[in-house]
Amino acid sequence: MGEKQLWKPGNMLYPLPAVMVTTGDRDGNYNIMTAAWAGTICSDPPMVYVSVRKSRYTHHMIDETGEYFINLTTQQLAYATDFCGVKSGRDINKFEVLHLTPKKGMLKYAPMIEESPVCIACRVNRILELGSHDMFMADVAGVYADEDYMDKNGRFSLERAEPIVYSHGEYYGVGKHIGRFGYSVKKAKGSRRK
């Protein structure tokens, strides 16, 4: 291993999920924004977050309605994911331009993306003003999973979804499966304790 270099403070976590956040406002307008600053906060109760700049069109929609969907992405949705990260919903209807389907679910204003394999319905419970971004912390109200991505045991198949991740300006596909949680301490079949 080489010697470590000291860099200035920065966000060096990698990779991050590349998700599409969908929102709606009280006038019936919809938007899609790509985010990598999104993730899990807590498992019990289930909570997630997305961090959004105040200047973004999405920010005012979440602030106004208190809800959003986190839509997981796939390699097939990579172009749309990038497009929604560089174009503003103030100027164009991204659903129409990208031929994506807004689908109503349990939220009142925000639609989910029908083409997404997993759509997480989020209700904001707290907003943290942090600097360049505000963090919209949310309770998970429900999760919609596309049956096309289920395996024969009814489990969501990450391999079928072919998710993408983001790292410092680049998108990547997720690699091969290398183990299941706890595999490092699991006893091999047929082994005996001595």
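Start at 1 with the first residue, then count along the sequence. None of these values were measured; they are calculated from a predicted model.
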| Passes side-chain contact (heavy atoms from CB on, under 4.5 Å), Q76 versus E162? Steps please. | CA-CA 8 Å; Q76 191 172 12; E162 296 182 324; over 6 Å; no
| query | Under a single-linkage rule joining Ile, Leu, Val, Met, Phe, Trp and Tyr whose side-chain heavy atoms are separated by less than 4.5 Å, which residues share a cluster with Y144? | reply | F69, M106, L107, M112
| So, do I62 and V50 sit near enough that their side-chain heavy atoms are less than 4.5 Å apart? | yes
| Pairing residues for D63 by the side chain to side chain donor-acceptor pair (under 3.5 Å) criterion, not counting sequence neighbours | none
| request: Work out which heavy atom in K94 is nearest to a heavy atom in K87; give both atom names and the distance. | output: NZ-O, 2.6 Å
| said: Just to verify, what does Y171 make a ring pair (Phe, Tyr, Trp, His ring centres under 6.0 Å) with, not counting sequence neighbours? | reply: Y166
| said: Under the rule for side chain to side chain donor-acceptor pair (under 3.5 Å), what residues qualify as partners of N93, not counting sequence neighbours? | reply: none
| query | Taking ILVMFWY side chains as joined if any heavy atoms are under 4.5 angstrom apart, and letting links pass through other members, which residues group with V174? | reply | V165, Y172
| Pairwise side-chain contact, L77 with E115, heavy-atom cut-off 4.5 Å (strictly under) | yes
| request: Hey, can you tell me if H168 and Y14 have their rings parallel, tilted or perpendicular (30° and 60° cut-offs)? | output: tilted
| field | Hydrophobic cluster of L13, others only, ordered by chain and residue number, side-chain cut-off 4.5 Å | value | L16, W37
| Do the ring planes of Y79 and F83 sit parallel (below 30°), tilted (30 to 60°) or perpendicular (above 60°)? | parallel
